[in-house]
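Below is one structure, written out as C-alpha coordinates; comments come after it.
FYI, side chains are in, hydrogens and waters are out, and symmetry mates aren't considered; it's all heavy atoms of this structure. Numbering of ligands and ligand atoms starts at 1, following listing order.
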Amino acid sequence: MAHVTEQNLTDVVLERWQEIPDPRLRQIMQSAIKHLHAFVREVEPTGAEWFKTIDWLTRTGKMCTEKRQEFILASDVLGVSTLVDAINHRVPTGATPTTVEGPFHVADAPERGNGENMTEGAPGEPLFITGTVRGLDGKPLAGAVLDVWQTDGEGLYEAQRDVTGPWMRGVYRTGPDGKYVIQTVAPIGYTIPMDGTVGELMNRTKISHMRPAHVHFEVKARGYNGVVTHLFRNGDPYIETDVVYGVKKELIVDFERKPAGRAPTGESVATPFNVVRYDFVLLEAQAEKLRGAA
Ligand code: BEZ
Ligand code: FE
(Lines give C-alpha, C1' and ligand atoms only; values in the text may rest on other atoms or scores of the structure.)
(Ligands and ions follow the chains in the order given, each with its own letter.)
Protein backbone atom coordinates (compact mmCIF):
# COMPACT_ATOMS: atom_id res chain seq x y z
CA MET A 1 0.00 0.00 0.00
CA ALA A 2 1.24 3.50 -0.80
CA HIS A 3 2.05 5.59 2.28
CA VAL A 4 -0.57 8.25 2.47
CA THR A 5 -0.04 11.95 1.98
CA GLU A 6 -2.61 14.72 1.88
CA GLN A 7 -2.22 14.73 -1.89
CA ASN A 8 -2.56 10.97 -2.61
CA LEU A 9 -5.12 10.06 0.10
CA THR A 10 -8.22 10.31 -2.16
CA ASP A 11 -6.66 7.99 -4.76
CA VAL A 12 -5.57 5.51 -2.09
CA VAL A 13 -9.08 5.38 -0.61
CA LEU A 14 -10.69 5.08 -4.06
CA GLU A 15 -8.43 2.16 -4.93
CA ARG A 16 -9.28 0.35 -1.67
CA TRP A 17 -13.02 0.89 -2.25
CA GLN A 18 -12.83 -0.70 -5.72
CA GLU A 19 -13.11 -4.03 -3.95
CA ILE A 20 -16.91 -4.23 -4.04
CA PRO A 21 -18.46 -7.11 -6.03
CA ASP A 22 -21.78 -5.30 -6.61
CA PRO A 23 -21.04 -2.91 -9.53
CA ARG A 24 -23.80 -0.43 -8.61
CA LEU A 25 -22.63 -0.18 -4.98
CA ARG A 26 -19.06 0.21 -6.25
CA GLN A 27 -20.15 3.07 -8.53
CA ILE A 28 -22.06 4.76 -5.70
CA MET A 29 -19.17 4.45 -3.21
CA GLN A 30 -16.57 5.67 -5.70
CA SER A 31 -18.65 8.74 -6.45
CA ALA A 32 -19.48 9.37 -2.79
CA ILE A 33 -15.79 9.23 -1.82
CA LYS A 34 -14.75 11.52 -4.71
CA HIS A 35 -17.37 14.15 -3.84
CA LEU A 36 -16.89 13.91 -0.08
CA HIS A 37 -13.12 14.30 -0.36
CA ALA A 38 -13.53 17.18 -2.81
CA PHE A 39 -15.91 18.86 -0.33
CA VAL A 40 -13.43 18.45 2.55
CA ARG A 41 -10.54 19.69 0.39
CA GLU A 42 -12.57 22.75 -0.62
CA VAL A 43 -13.94 23.61 2.84
CA GLU A 44 -10.89 22.58 4.91
CA PRO A 45 -12.97 22.13 8.09
CA THR A 46 -11.28 22.49 11.46
CA GLY A 47 -11.46 19.44 13.75
CA ALA A 48 -14.07 21.27 15.85
CA GLU A 49 -16.21 22.00 12.79
CA TRP A 50 -16.06 18.37 11.68
CA PHE A 51 -17.12 17.14 15.15
CA LYS A 52 -19.96 19.67 15.08
CA THR A 53 -21.09 18.18 11.76
CA ILE A 54 -20.98 14.66 13.22
CA ASP A 55 -22.90 15.89 16.28
CA TRP A 56 -25.61 17.43 14.03
CA LEU A 57 -25.94 14.19 12.06
CA THR A 58 -26.09 12.17 15.29
CA ARG A 59 -28.83 14.39 16.75
CA THR A 60 -30.72 14.27 13.44
CA GLY A 61 -30.69 10.46 13.57
CA LYS A 62 -31.81 10.44 17.20
CA MET A 63 -34.83 12.61 16.29
CA CYS A 64 -36.12 10.05 13.80
CA THR A 65 -39.04 7.94 14.95
CA GLU A 66 -41.92 6.19 13.19
CA LYS A 67 -43.72 9.53 13.13
CA ARG A 68 -40.84 11.87 12.36
CA GLN A 69 -38.08 11.60 9.79
CA GLU A 70 -35.65 14.47 10.22
CA PHE A 71 -33.21 13.07 7.61
CA ILE A 72 -35.94 13.18 4.94
CA LEU A 73 -36.65 16.76 5.98
CA ALA A 74 -32.93 17.56 5.59
CA SER A 75 -33.00 15.95 2.13
CA ASP A 76 -36.14 18.03 1.34
CA VAL A 77 -34.70 21.44 2.28
CA LEU A 78 -31.46 20.73 0.41
CA GLY A 79 -33.44 19.98 -2.77
CA VAL A 80 -32.24 16.35 -2.85
CA SER A 81 -35.71 14.79 -2.50
CA THR A 82 -36.99 16.85 -5.43
CA LEU A 83 -33.92 16.00 -7.52
CA VAL A 84 -34.29 12.24 -6.89
CA ASP A 85 -38.00 12.51 -7.71
CA ALA A 86 -37.32 14.46 -10.93
CA ILE A 87 -34.66 12.00 -12.12
CA ASN A 88 -37.00 9.07 -11.54
CA HIS A 89 -40.11 10.62 -13.08
CA ARG A 90 -39.12 12.24 -16.36
CA VAL A 91 -42.37 12.77 -18.28
CA PRO A 92 -43.05 14.17 -21.76
CA THR A 93 -44.67 17.58 -22.21
CA GLY A 94 -48.38 17.40 -21.48
CA ALA A 95 -48.15 14.67 -18.81
CA THR A 96 -48.72 15.73 -15.19
CA PRO A 97 -45.36 16.09 -13.45
CA THR A 98 -44.67 14.54 -10.06
CA THR A 99 -43.41 16.26 -6.94
CA VAL A 100 -42.33 15.12 -3.47
CA GLU A 101 -44.76 13.09 -1.35
CA GLY A 102 -43.92 14.81 1.94
CA PRO A 103 -44.37 13.26 5.38
CA PHE A 104 -48.12 13.77 5.90
CA HIS A 105 -49.68 11.08 3.69
CA VAL A 106 -51.73 8.58 5.71
CA ALA A 107 -52.55 5.24 4.08
CA ASP A 108 -56.10 3.89 3.85
CA ALA A 109 -57.95 7.18 3.52
CA PRO A 110 -61.74 6.75 3.44
CA GLU A 111 -63.42 6.15 0.09
CA ARG A 112 -65.48 9.21 -0.90
CA GLY A 113 -68.15 9.42 -3.56
CA ASN A 114 -67.61 11.90 -6.40
CA GLY A 115 -68.36 15.38 -5.01
CA GLU A 116 -68.30 14.24 -1.37
CA ASN A 117 -66.92 16.57 1.27
CA MET A 118 -63.64 15.36 2.82
CA THR A 119 -63.27 18.09 5.45
CA GLU A 120 -65.05 16.51 8.43
CA GLY A 121 -65.93 20.05 9.52
CA ALA A 122 -62.37 21.44 9.21
CA PRO A 123 -62.02 25.24 9.12
CA GLY A 124 -61.50 27.03 5.82
CA GLU A 125 -63.23 28.51 2.79
CA PRO A 126 -64.99 25.87 0.64
CA LEU A 127 -63.02 24.61 -2.34
CA PHE A 128 -64.15 22.37 -5.19
CA ILE A 129 -61.45 20.69 -7.28
CA THR A 130 -62.72 19.22 -10.51
CA GLY A 131 -61.53 17.93 -13.86
CA THR A 132 -60.76 14.69 -15.64
CA VAL A 133 -58.06 12.07 -15.41
CA ARG A 134 -56.93 11.17 -18.91
CA GLY A 135 -54.14 9.63 -20.94
CA LEU A 136 -51.66 11.67 -22.97
CA ASP A 137 -53.79 10.89 -26.05
CA GLY A 138 -56.77 12.61 -24.39
CA LYS A 139 -58.67 9.40 -23.56
CA PRO A 140 -60.68 9.89 -20.32
CA LEU A 141 -59.85 7.26 -17.73
CA ALA A 142 -62.85 5.78 -15.93
CA GLY A 143 -62.29 4.40 -12.44
CA ALA A 144 -58.99 6.27 -11.89
CA VAL A 145 -58.20 6.64 -8.19
CA LEU A 146 -57.28 9.97 -6.59
CA ASP A 147 -55.90 9.78 -3.05
CA VAL A 148 -56.10 13.37 -1.77
CA TRP A 149 -54.65 14.95 1.40
CA GLN A 150 -53.96 18.50 2.52
CA THR A 151 -53.92 20.97 5.40
CA ASP A 152 -57.10 22.61 6.56
CA GLY A 153 -57.67 26.36 6.24
CA GLU A 154 -55.46 26.93 9.30
CA GLY A 155 -52.47 25.15 7.78
CA LEU A 156 -52.65 21.94 9.85
CA TYR A 157 -52.58 18.30 8.74
CA GLU A 158 -54.42 15.47 10.48
CA ALA A 159 -51.17 14.46 12.28
CA GLN A 160 -50.97 17.99 13.74
CA ARG A 161 -54.58 18.01 14.99
CA ASP A 162 -55.97 16.29 18.03
CA VAL A 163 -58.45 14.24 15.99
CA THR A 164 -59.20 10.55 16.05
CA GLY A 165 -60.87 9.99 12.67
CA PRO A 166 -59.64 10.83 9.17
CA TRP A 167 -59.16 14.58 8.67
CA MET A 168 -58.80 16.35 5.35
CA ARG A 169 -58.16 13.26 3.26
CA GLY A 170 -60.08 10.90 1.02
CA VAL A 171 -59.95 8.52 -1.92
CA TYR A 172 -62.04 9.56 -4.95
CA ARG A 173 -62.72 7.66 -8.17
CA THR A 174 -63.44 9.07 -11.62
CA GLY A 175 -66.79 8.33 -13.23
CA PRO A 176 -67.28 6.67 -16.67
CA ASP A 177 -66.40 10.01 -18.32
CA GLY A 178 -63.09 10.27 -16.40
CA LYS A 179 -64.46 13.18 -14.32
CA TYR A 180 -63.86 13.79 -10.63
CA VAL A 181 -65.14 16.39 -8.15
CA ILE A 182 -63.56 16.88 -4.72
CA GLN A 183 -65.20 18.99 -2.05
CA THR A 184 -62.79 20.38 0.51
CA VAL A 185 -61.56 23.68 1.99
CA ALA A 186 -58.80 25.92 0.64
CA PRO A 187 -55.43 25.07 2.22
CA ILE A 188 -53.02 27.80 3.29
CA GLY A 189 -49.21 27.91 3.29
CA TYR A 190 -47.49 26.41 6.30
CA THR A 191 -44.09 26.00 7.88
CA ILE A 192 -42.10 22.78 7.85
CA PRO A 193 -41.40 21.47 11.39
CA MET A 194 -38.79 23.88 12.81
CA ASP A 195 -38.28 22.34 16.27
CA GLY A 196 -35.57 19.87 15.18
CA THR A 197 -32.04 19.89 13.81
CA VAL A 198 -33.23 21.04 10.36
CA GLY A 199 -34.96 24.02 12.01
CA GLU A 200 -31.77 24.73 13.96
CA LEU A 201 -29.87 24.92 10.66
CA MET A 202 -32.58 26.91 8.85
CA ASN A 203 -32.60 29.44 11.70
CA ARG A 204 -28.98 30.25 10.90
CA THR A 205 -30.03 31.22 7.35
CA LYS A 206 -32.39 33.81 5.90
CA ILE A 207 -34.19 31.12 3.87
CA SER A 208 -37.99 30.97 4.18
CA HIS A 209 -39.20 27.82 5.96
CA MET A 210 -42.68 28.06 4.38
CA ARG A 211 -44.41 25.90 1.81
CA PRO A 212 -46.99 27.57 -0.47
CA ALA A 213 -50.63 26.42 -0.14
CA HIS A 214 -51.13 23.09 -1.89
CA VAL A 215 -53.22 19.95 -2.11
CA HIS A 216 -51.49 16.56 -2.36
CA PHE A 217 -52.58 13.86 -4.82
CA GLU A 218 -51.64 10.32 -5.69
CA VAL A 219 -53.41 9.50 -8.95
CA LYS A 220 -53.52 5.95 -10.32
CA ALA A 221 -55.27 4.18 -13.19
CA ARG A 222 -54.97 0.63 -14.47
CA GLY A 223 -52.37 0.38 -17.28
CA TYR A 224 -50.94 3.85 -16.55
CA ASN A 225 -48.07 5.11 -14.43
CA GLY A 226 -49.33 6.64 -11.20
CA VAL A 227 -48.22 10.14 -10.14
CA VAL A 228 -47.60 11.57 -6.70
CA THR A 229 -47.97 15.30 -7.01
CA HIS A 230 -49.44 18.54 -5.61
CA LEU A 231 -51.54 21.39 -6.99
CA PHE A 232 -50.25 24.76 -5.79
CA ARG A 233 -52.29 27.93 -5.33
CA ASN A 234 -51.38 30.60 -7.89
CA GLY A 235 -50.46 33.91 -6.22
CA ASP A 236 -49.43 32.33 -2.91
CA PRO A 237 -46.74 34.53 -1.30
CA TYR A 238 -44.39 31.51 -1.02
CA ILE A 239 -44.87 30.14 -4.54
CA GLU A 240 -41.38 31.29 -5.63
CA THR A 241 -39.60 30.21 -2.46
CA ASP A 242 -41.04 26.79 -1.53
CA VAL A 243 -38.63 25.48 1.11
CA VAL A 244 -38.65 21.98 -0.43
CA TYR A 245 -38.42 23.12 -4.11
CA GLY A 246 -41.60 21.22 -5.02
CA VAL A 247 -43.28 23.82 -7.28
CA LYS A 248 -43.34 23.08 -11.01
CA LYS A 249 -45.06 25.58 -13.29
CA GLU A 250 -47.51 22.96 -14.64
CA LEU A 251 -48.76 22.38 -11.08
CA ILE A 252 -49.74 25.99 -10.31
CA VAL A 253 -53.51 26.45 -10.51
CA ASP A 254 -55.91 29.35 -10.12
CA PHE A 255 -58.27 29.23 -7.17
CA GLU A 256 -61.26 30.97 -8.84
CA ARG A 257 -63.20 32.69 -6.08
CA LYS A 258 -66.97 32.62 -6.64
CA PRO A 259 -69.81 34.33 -4.78
CA ALA A 260 -72.32 32.18 -2.88
CA GLY A 261 -74.34 30.09 -5.34
CA ARG A 262 -74.25 26.86 -7.29
CA ALA A 263 -71.12 24.74 -6.86
CA PRO A 264 -69.66 22.22 -9.38
CA THR A 265 -71.42 19.45 -7.42
CA GLY A 266 -74.75 21.10 -8.34
CA GLU A 267 -75.47 22.00 -4.72
CA SER A 268 -76.02 25.50 -3.47
CA VAL A 269 -73.29 27.02 -1.27
CA ALA A 270 -74.27 29.81 1.13
CA THR A 271 -70.79 31.42 1.34
CA PRO A 272 -68.18 32.44 -1.24
CA PHE A 273 -66.21 29.43 -2.46
CA ASN A 274 -63.26 28.53 -4.68
CA VAL A 275 -63.06 26.35 -7.77
CA VAL A 276 -59.93 24.71 -9.16
CA ARG A 277 -60.09 23.02 -12.55
CA TYR A 278 -57.32 20.56 -13.35
CA ASP A 279 -56.94 17.57 -15.67
CA PHE A 280 -54.46 14.94 -14.54
CA VAL A 281 -52.66 13.44 -17.54
CA LEU A 282 -51.11 10.01 -17.01
CA LEU A 283 -48.58 8.19 -19.13
CA GLU A 284 -49.46 4.74 -20.39
CA ALA A 285 -47.27 2.18 -18.62
CA GLN A 286 -46.32 0.55 -21.94
CA ALA A 287 -45.39 3.90 -23.56
CA GLU A 288 -43.10 4.61 -20.61
CA LYS A 289 -41.36 1.23 -21.11
CA LEU A 290 -40.80 1.94 -24.82
CA ARG A 291 -39.47 5.42 -24.08
CA GLY A 292 -37.01 3.93 -21.58
CA ALA A 293 -35.80 1.42 -24.17
CA ALA A 294 -35.33 4.04 -26.90
C1 BEZ B 1 -45.53 18.52 2.71
O2 BEZ B 1 -45.89 18.93 1.69
O3 BEZ B 1 -46.42 18.08 3.36
C4 BEZ B 1 -44.07 18.55 3.14
C5 BEZ B 1 -43.11 18.17 2.24
C6 BEZ B 1 -41.78 18.17 2.62
C7 BEZ B 1 -41.43 18.56 3.91
C8 BEZ B 1 -42.41 18.95 4.81
C9 BEZ B 1 -43.76 18.95 4.42
FE1 FE C 1 -47.98 19.33 2.21
- Message: Tell me the contacting part of L73 for ligand 1: side chain, backbone, both, or neither, using a 4.0 Å heavy-atom threshold, strictly below.
- Response: side chain
- Does H216, backbone or side chain, put an N or O under 3.5 Å from an N or O of ligand 1? yes
- Item | Hydrophobic cluster identity match, Y278 and V181, side-chain contacts under 4.5 Å | no
- Query: Going by chain and residue number, what protein N/O/S atoms come nearer than 2.8 Å to the Fe ion (ligand 2)?
  - Reply: Y157 OH, Y190 OH, H214 NE2, H216 NE2
- Could you state whether V80 and V100 fall into the same hydrophobic cluster, counting links through intermediate Ile, Leu, Val, Met, Phe, Trp or Tyr residues with side-chain heavy atoms under 4.5 angstrom apart? yes
- I129 reachable from L146 in the ILVMFWY side-chain graph, under 4.5 Å edges: yes
- Message: Quick check against the 3.5 Å criterion: does E158 have a side-chain atom that pairs as donor or acceptor with the backbone of W167?
- Response: yes
- Message: Is there a path of hydrophobic side-chain contacts, each under 4.5 Å between heavy atoms, that joins V91 and V228?
- Response: no
- T99 and H230: CA distance, side-chain angles, deciding distance, side-chain hydrogen bond (donor to acceptor under 3.5 Å, both in side chains) verdict: CA-CA 7 Å; T99 193; H230 311 358; 5.0 Å; no
- Note on the structure: For V244, the ligand 1 atoms with a heavy-atom partner under 4.0 Å come out as 6 (C), 7 (C)
- atom 3 (O) of ligand 1 has as its nearest protein heavy atom Y190 OH, 2.7 Å
- Side chains of Y190 and H214, donor plus acceptor under 3.5 Å: yes
- Message: Students should be able to answer this: which protein heavy-atom is nearest to atom 5 (C) of ligand 1, and at what distance?
- Response: G102 CA, 3.5 Å
- Message: Give the atom numbers and elements of ligand 1 that come within less than 4.0 Å of a heavy atom of H214.
- Response: 2 (O)
- Query: At what distance is the nearest protein heavy atom to atom 2 (O) of ligand 1, and which residue and atom is it?
  - Reply: R211 NH1, 2.5 Å
- Under the criterion side-chain contact (heavy atoms from CB on, under 4.5 Å), which of Q160, H216, M168, R169 is the partner of F104? Q160
- Query: Of Y157, F217, W149, which meets ring-ring contact (aromatic ring centres under 6.0 Å, His included) against H105?
  - Reply: W149
- Message: Tell me whether N234 contacts the main-chain N or O of F255 through its side chain, where contact means a donor paired with an acceptor under 3.5 Å.
- Response: no
- Task: For I192 and ligand 1, answer yes if some heavy atom of the residue is under 4.0 Å from a ligand atom, otherwise no.
- Result: yes
- Task: Flag yes if Y238 and V198 sit in one hydrophobic cluster, no otherwise; membership is Ile, Leu, Val, Met, Phe, Trp, Tyr, and two members link when side-chain heavy atoms are under 4.5 Å apart.
- Result: no
- Query: Which of the numbered atoms in ligand 1 are below 4.0 angstrom from a heavy atom of D76?
  - Reply: 6 (C), 7 (C)
- Heavy-atom proximity to atom 9 (C) of ligand 1, picking from P187, P103, G246, S81, points to P103
